[in-house]
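What you see below is based on every heavy atom in this structure, not just the backbone, and it leaves out hydrogens, waters and symmetry mates.
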Amino acid sequence: MFTIFHGFHLVETYHQWKKEHRKNKNPLGLRFLKLFFAIAIPLFLWIAPSALYGLPNLNPVEHRVIAIFAFAALMWLFDVVPAWTTSLVVVVLLLFCTSDSSLWFFQTDAAGEKFANLVSNTAILHCFADPTIMLFIGGFIIAIAATKSGLDVKLAKVMLAPFGVKSENVLLGFLLVTAVFSMFISNTATAAMMLTFLAPVLKALPADGKGKIGLALAIPIGANIGGIGTPIGTPPNAIALKFLNDPDGMDMGIGFGQWMMVMAPLTIVLLFIAWVVLKKLFPFKQKEIYLEIESHHQGSWRDILVYITFAITVGLWLTDAITGVNANVVAMLPVGVLCIAGVITKRDLEQISWSILWMIAGAFALGVAMRQSGLAANMIAAIPFGEWSPLAIIIGSGLLCYLMANFISHTATAALFVPILAIAGTSMGDSLASYGGVGTLLIGVALCSSLAMVLPISTPPNALADATGFIKQKYMVTTGLIMGFIGLLLGYIVLIFCGVNGIL
């Protein structure tokens, strides 16, 4: 995370807490037991006879991909090691065991004939330089530049000013402003920054009032819901879009502006619902709140360049359907301009959240392996997805994704669900059309991930808010369940409506 970002000390505290939480949740004996199962089960799948899978003509390369996918699923589920390290190992396993540059004995059958469906090693390696990865790098660069130029603090101050001093309006202000920032900046960094601004306010509010609980909860709720609004708002959005827009796959061509046209209004509606919920559950005893947000940044000509570049980049993202320049290409504009101007230095590049990029790349690599090895086509042919109820798959996958994302990484959840649902959706063909098509399935996964915010461990913003000490876990569970239910209901209504009418 960016060491120059406001509230970085909170992020550091969170990462230390997460490390300790992983150790406490996985004492040495339990950790070894989980690792044993995470390795033993895939090994069994690796050596088990192909007939076990019920997939006709299962090739050894496809066989290995299944075992590697199982390894990824178990490692992400058990959370014994950080999720990004699992993704990294998955990429290495795919390269050495399934690619056309793998170890020689993995490339040939018993007769010495080379397998025809080996995965392209360049295709796997390209996952880390995928255009969607470039989109996220552009977002990270903008976030770093916004902090260095003081743009983040200035924007927060200007955007919160219209909400005045009435407590309920200030609550709405924090919800909306946090959401807007999280559309373009890391949810973790956004939550840390906004909590830094909010900290003195929370301390000044009456100790016996519930309003401070609502204010503290407004930050994670705003950050989690705000991530829905743009393709770069959260990694699950990017994973879903990658599969939907893949030229070798569904090639739906959903653009940045097209995504926002649908998801931004949904985000706004959910934020106002959250405002009403927080007001009702946690009424303010103090009727007025006075905010003091100060910026000690010394301005320079580079700040003006950051403002202009930020405005042009966002403008091009929103109008990609008009300009014809896709969002991934636009993301490189701030990278080029701000680096050549000296706003972003090589030290700043070290602050990019590379672990997030590895996590996304691992998900892409699994998708590439499933497609190029022929496993995806084999599963489509062998498993009667088309006979299953489309509504049952949509609702069932959404609920299961929501449940898992409350306990494991949102990105890991999407990485597991999206490749499988892409196969299922493709094989179901027209039967999904009446519910919005494959887009409803895959974007639904991203939506469910963002709405999973029941526990402090569910998302980094939740953990940061919990660390303030003003929130009892029961309050987070209550608001998380309410917003999850409402969000899933409204979200799927919007997705189905837009899918049926060709908006998405």
* **side-chain contact (heavy atoms from CB on, under 4.5 Å) between I352 and I141, intermediate numbers included** => CA-CA 8 Å; I352 289 176; I141 291 295; 4.1 Å; yes
* Asked: Is it the case that more than 12 heavy atoms not belonging to I340 sit under 6.0 Å from its CD1 atom?
  -> no
Would you check if the side chain of [X] reaches a backbone N or O of [Y] as a donor-acceptor pair within less than 3.5 Å?
X: T411; Y: P236; answer: no
X: N237; Y: T230; answer: yes
X: N406; Y: Y402; answer: yes
X: T468; Y: A465; answer: yes
X: N224; Y: P220; answer: yes
X: T319; Y: I322; answer: no
X: S355; Y: W84; answer: no
X: N187; Y: P461; answer: no
X: T479; Y: M476; answer: yes

To the nearest 0.5 Å, what is the distance between [atom1] ([X]) and [atom2] ([Y])?
X: M483; Y: L481; atom1: CE; atom2: CG; result: 11.5 Å
X: L455; Y: S458; atom1: CG; atom2: OG; result: 4.0 Å
X: I360; Y: T132; atom1: CD1; atom2: OG1; result: 8.0 Å
X: L403; Y: C448; atom1: CG; atom2: SG; result: 11.0 Å
X: N326; Y: L316; atom1: CG; atom2: CG; result: 11.0 Å
X: L421; Y: T440; atom1: CG; atom2: OG1; result: 11.5 Å

Side-chain heavy-atom pair [X], [Y] within 4.5 angstrom cut-off:
X: I289; Y: F284; value: yes
X: I221; Y: L278; value: yes
X: L464; Y: I219; value: no
X: F197; Y: V153; value: yes
X: M359; Y: W76; value: yes
X: Y492; Y: I395; value: no
X: V90; Y: M75; value: no
X: M193; Y: I185; value: no

* Could you tell me how the ring of F364 sits relative to the ring of F243: parallel (under 30°), tilted (30 to 60°) or perpendicular (over 60°)? => perpendicular
* Asked: T345 and D348: side-chain donor and acceptor closer than 3.5 Å?
  -> yes
Restricting to non-hydrogen atoms, name the atom on [X] and the atom on [Y] that form the minimum distance, rounded to 0.1 Å.
X: V325; Y: D320; result: O-CB, 3.3 Å
X: P231; Y: L241; result: CB-CD1, 3.5 Å
X: Q286; Y: S167; result: O-OG, 2.5 Å
X: G491; Y: L447; result: CA-CD2, 3.4 Å
X: I239; Y: A363; result: CD1-CB, 3.9 Å
X: I356; Y: P235; result: CG2-CG, 3.7 Å

Identify all side-chain donor-acceptor contacts of residues 331-339 below 3.5 Å with residues at least two apart in sequence or on another chain.
none

Identify each donor-acceptor pair in which a side-chain atom of residues 249-275 lies under 3.5 Å from a protein atom, sequence neighbours left out, and give them as a table.
| residue | atom | partner | partner atom | Å |
| --- | --- | --- | --- | --- |
| Q258 | OE1 | G255 | N | 3.4 |
| Q258 | NE2 | I503 | O | 2.8 |
| W259 | NE1 | I228 | O | 2.9 |
| T267 | OG1 | M263 | O | 2.8 |
| W275 | NE1 | E168 | O | 2.8 |

* To do: Report the C-alpha separation of D246 and R371 in whole Å, then their side-chain angles, then the decisive distance to 0.1 Å, and conclude whether the side-chain contact (heavy atoms from CB on, under 4.5 Å) test is met.
  => CA-CA 11 Å; D246 191 345; R371 185 178 67 250; 3.1 Å; yes
* Asked: So V201 and L198, side-chain contact (heavy atoms from CB on, under 4.5 Å) or not? Walk me through it.
  -> CA-CA 5 Å; V201 175; L198 191 59; 4.1 Å; yes
* Structure fact -> Applying side-chain hydrogen bond (donor to acceptor under 3.5 Å, both in side chains) to T234 and not counting sequence neighbours gives none
* For L135 and W317, run side-chain contact (heavy atoms from CB on, under 4.5 Å): C-alpha distance rounded to whole Å, both residues' side-chain angles, the deciding distance at 0.1 Å, then the answer. => CA-CA 10 Å; L135 180 63; W317 270 336; 3.7 Å; yes
